[in-house]
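First the structure, then my questions, so here it is.
Because only heavy atoms are used, hydrogens play no part in the values below, and waters and symmetry mates are left out as well, while side chains stay in.
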Amino acid sequence: MENTRRNFLKIAGISALGFGVGSLVSATTQVEHEVAPTQQPAEHNTEKLPEPKPVENVKSESSTQSAVKTAGRWGMAIYTSKLTEPIRKKIISACHVTHNVPHMENKRHEIKWIWEEPYTHAFPENEHEYIDEKTHTQPFLTLCNHCNNPPCVRACPTKATFQRADGIVLMDFHRCIGCRFCMAACPYGSRSFNFRDPRPFISQLNMDFPTRMKGVVEKCNFCAERLEMGKMPACVEVSEGTIVFGDLHDPNSEIRHILKESYTIQRKQNLGTMPSVYYIV
Amino acid sequence: MNEKILIYGGLFVFCAVVTFPFWYNLGNASVAPEILLSAAAKEAQTCVADKSYMKNQHMQILNIWREDVVRQGTRSFQGMNGKMYTMSLSSGKDSCMGCHTNRSQFCDRCHTYASVNPYCWDCHITPKEIN
Amino acid sequence: MLETALKGTKKYWLWLMALSGVIGVAFACYIGQLYFGLGITGMSRDVSWGFYIAQFTFLVGVAAGGVMLVIPYYLHDYKKFGKITIIGEFVAVAALCMCLLFIVVDLGQPMRILNVWLHPTPGSVLFWDTLVLNGYLLLNIIVGWKVLEAERNSVAPPHWVKPLIYISIPFAFGIHTVTAYLYCGLPGRGFWLTAILAPRFLASAFAAGPAFVIMLCFLIRKVTRFDAGSEAIQTLSKIVTYALIANVFFFMCEVFVVFYSQIPEHMTHLKYLFAGHDGHGVLVPWMWVSILLMICGIILLVNPKTRRDERILPYTCGIIFVGTWIDKGLGMISGGFVPSPLHYYNEYVPTLQEIMISLGVWAIGFFVLTILLKIAVTVKEEVMVH
């Protein structure tokens, strides 16, 4: 906030002198350093903002009502065995409608933020010959892992994809040049590319979230825009308690209690990416 | 001699092509467009900064805003008038488009006149489109 | 010196016009891509890099190959290469133009390309790649031009050119090493995740680049009065021999490690490329042809009789060029993406429009190369007359 105001005044001052170009340069260089939302002074007027429509009417579980805004590191635990088919469908559609994720007919151009994957494909290196039937047949929900050591962020040549101090790996669609290096770097296939203009393929537009344009990469954003309004991610809100979301750095958080009590697995742990998504099988 | 013709001829063609936009539009100057304010904007009376500033520098403000919102997670902005605004082009009532609800009469008129084609609306949804 | 490119035979102009025609058609295709998006290509969510990036990778190698003329001449004072180092340098310039264009046509938002330098990211290999590629391009233009100009005026090149030549040597290795690092530093892509990728890239580069220069030497001898000299060509072909053997050797090392360790993540890609998987195997015949061509190349080069026979040598170089092109320009990129990290076999086949755009970039490269070589050869001929 402070930073913004300073910048704004600076621009106003400089441009008053008639250095339009100079101000643009100072603007882009000033805001470069990333500041965590944790370090921002809490804002008051956010309550006034309208609710995003797509998940508005859904009754949420008690766990999802505790509105947390900031975290040391956001994390997610998924009760895979509790995920029934209707819940999974509801989760996927809530996410995709909230974020204007298009439905592409051509499979090559597919865009997905959260989707179902059988064990064989979600955990390809954990598969073995005599794996129990339940694990083998149970679909898993896969999404961006918001790795603590994200290879996509390392690869991006423009910092269009970056990691915030609260652990969320975000995309800056304005800056992405569409080189797709991040897609090659992601070992989870969590990133999609807009091979064409996605607008015509969005059946139900959510006014409060932008769509994307052709030529940029997109993926799950852990609902950063909802967290900033003190809300839980869209998937968590409709999950009927099957997805728990919280601060991994807070030893008293619900997610930490769950991780303490249950056996959890992660996707491709051996790669050292340190995913923030945990699966309770 | 022959080369002289070629040189001067070439020079003439070059100058003609380079100055094409000028003589093509000669005498066709169009009048500056009338910008219509929406009811909401009229009621609010002031924008986040004064009018002349917004006229010249709104793109810079938007540029800062998008950096702040996307990269730093800041959403609130104190305007020149001391009021708090949500930094957003298109979501919410106190976003740009929340007040300037009439894109075609407000944004597009001037953009068309200035022959600029910003791609804001490739992604951001204006209220009208939803219908 | 540029004016020498403006006077040429009818064939010269016809060739340039033919290239312009290809460029024109390709440009129209590119406008289509710009308008629609990269959806016009065969690339997909799983195979997110395709023909463009593969051509880029191969051509970085051709560009780096020029250094195989520079090192013997400037570091070892091997005089026979004096006449043709300029060809190596100009091939590098043309190849680098193609490389940069292939990056541009591969971008989803090409208008934002300068973001790479506006928001410099030293942690990203792609950032470094743009720096070394542009640096090497600039070095080759300056060095090639200055040395040629000096030769035309029968004076020694300015002394500040020497350090630039020395700098260009590590740059040549740099461009292909950094390009290999684009791939081999990615977790979860078993095919590329190997320390031998950069050496392998360099080996195939030092085979493909000089092989191309040899073909050019024969062509120039045929259409102009300039002769590179049989000894220089023979030395160059020995360089190709060693590099090609090293390339095949490195590949065998890779095959051994992968199949002896039996780690599926690394095995699946090679299996897909050379045997196919469950009906997916568009590249299988290509890959075997590539191996076959490279082995034939080695046999024809190692055998002194066939190597010295100047009727056979250009064809040998041709099959080596094609063999290494299939290896890098077709297999290397697709092979890394199939199967995907989630073990899906979604194959990649380039579309016609995509191939057309690629052809256009190649045509631009050949256009640049033709002009540059025309200048170089005209200067050489002038010097010969005096």
Point-to-point distance, once rounded to the nearest 0.5 Å, from CZ of R175(A) to CG of L118(C):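 Between R175(A) CZ and L118(C) CG, I get 8.5 Å after rounding to 0.5 Å.
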
Flag, side chain of R112(C) to backbone of G178(A), donor-acceptor distance under 3.5 Å: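 No; judged by distance alone, with no hydrogens or angles, the pair does not exist.
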
Option that, when pairs with chain A are counted at under 4.5 Å, heavy atom only, ranks first among I103(C), I40(C), N115(C):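 Looking at each of I103(C), I40(C), N115(C) in turn, N115(C) comes out on top.
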
Flag if over 12 foreign heavy atoms under 6.0 Å of CD1, I31(C):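 Yes.
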
Side-chain touch N346(C)/R108(A), heavy atoms, less than 4.5 angstrom: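 With C-beta onward as the side chain, the pair stays apart.
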
Part of P122(C) within contact of chain A (heavy atom distance under 4.5 Å):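 Contact with chain A: none, neither part.
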
Minimal non-hydrogen separation, P187(C) against P187(A), with atom names: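 Heavy atoms only, the tightest pair is O-CB, 3.8 Å.
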
Interface moiety of R191(A) toward chain C, non-hydrogen atoms closer than 4.5 Å: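 Only the backbone of R191(A) comes within 4.5 Å of chain C.
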
Heavy-atom neighbours of W115(A) CH2 exceed 12 at 6.0 Å: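 More than 12 within 6.0 Å, yes.
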
Over 12 non-hydrogen atoms of neighbours within 6.0 angstrom of NE2 in H280(C):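 Enclosed.
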
Interchain contact, L182(C) with chain A, by part (heavy-atom threshold 4.5 Å):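 For L182(C), the contact with chain A is made by backbone and side chain together.
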
Contact origin within F181(A) toward chain C - heavy atom pairs under 4.5 Å: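 Contact with chain C: backbone and side chain both.
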
Contacting region of Y35(C) [heavy-atom separation from chain A under 4.5 Å]: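 Looking at Y35(C), just its backbone touches chain A.
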
Interface residues of residues 269-277 of chain A facing chain C - heavy atom cut-off under 4.5 Å: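 Expected list: N270(A), L271(A).
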
Heavy atoms of other groups near E133(A) CD, more than 12 under 6.0 Å: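 For E133(A), atom CD is not crowded (no more than 12 foreign heavy atoms under 6.0 Å).
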
Nearest heavy atoms of P157(A) and L126(C), plus distance in Å: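 Closest approach of P157(A) to L126(C): CG-CD2, 3.7 Å.
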
Flag if over 12 foreign heavy atoms under 6.0 Å of CH2, W325(C):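 It does: W325(C) CH2 has more than 12 such atoms within range.
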
Sidechain-backbone polar pair: K214(A) side chain, L38(C) backbone, donor-acceptor under 3.5 Å: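 No; zero donor-acceptor contacts below 3.5 Å.
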
Y181(C) atom OH: more than 12 heavy-atom contacts under 6.0 Å: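 Counting other residues, nucleotides and ligands, OH of Y181(C) stays at 12 neighbours or fewer.
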
Any side-chain heavy-atom pair of V216(A) and Q109(C) under 4.5 Å: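 Yes, at least one pair of side-chain atoms sits under 4.5 Å.
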
Among A184(A), P124(A), P151(A), residue most engaged with chain C (heavy-atom pairs, under 4.5 Å):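 Result: the option with the highest number of such pairs is A184(A).
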
Greater than 12 external heavy atoms within 6.0 Å of Y344(C)'s OH: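 Yes - once you tally the heavy atoms of other residues, nucleotides and ligands closer than 6.0 Å, there are more than 12.
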
Residue selection (most heavy-atom pairs with chain A, distance under 4.5 Å) from S124(C), G188(C), G336(C):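 Most pairs with chain A among the choices: S124(C).
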
Shortest non-hydrogen contact between P341(C) and C186(A), atoms and distance: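 Taking P341(C) first and C186(A) second, the nearest heavy atoms are CG-O, 4.1 Å.
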
Flag if over 12 foreign heavy atoms under 6.0 Å of CZ, F259(C):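 Yes, the 6.0 Å shell around CZ holds more than 12 heavy atoms from other groups.
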
Contacting region of P198(A) [heavy-atom separation from chain C under 4.5 Å]: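 When you check distances to chain C, no heavy atom of P198(A) falls under 4.5 Å.
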
Members of residues 41-57 of chain C whose heavy atoms come closer than 4.5 Å to chain A: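 Against chain A, the residues of residues 41-57 of chain C that fall inside the cut-off (heavy atoms, under 4.5 Å) are T41(C), G42(C), M43(C), S44(C), R45(C), S48(C), W49(C).
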
T158(A) (side chain) donor-acceptor with V116(C) (main chain) under 3.5 angstrom: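 Checked: no pair found.
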
Flag, side chain of R154(A) to backbone of G123(C), donor-acceptor distance under 3.5 Å: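 Not confirmed, R154(A) side chain does not pair with G123(C) backbone.
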
Option in H109(A), E117(A), H121(A), K107(A) with maximal non-hydrogen atom pairs under 4.5 Å from chain C: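 Option with the greatest count: H121(A).
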
Region of L186(C) that comes under 4.5 Å of a non-hydrogen atom in chain A: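 Answer is side chain: those atoms of L186(C) sit under 4.5 Å from chain A.
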
Atom group of C179(A) that falls short of 4.5 Å from chain C, counting heavy atoms: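 Both backbone and side chain.
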
Heavy-atom proximity to chain C below 4.5 Å, by part of Y188(A):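 Backbone of Y188(A) only, per the 4.5 Å heavy-atom cut-off to chain C.
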
Segment of L193(C) engaging chain A (4.5 angstrom heavy-atom cut-off):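 Neither part; nothing is under 4.5 Å.
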
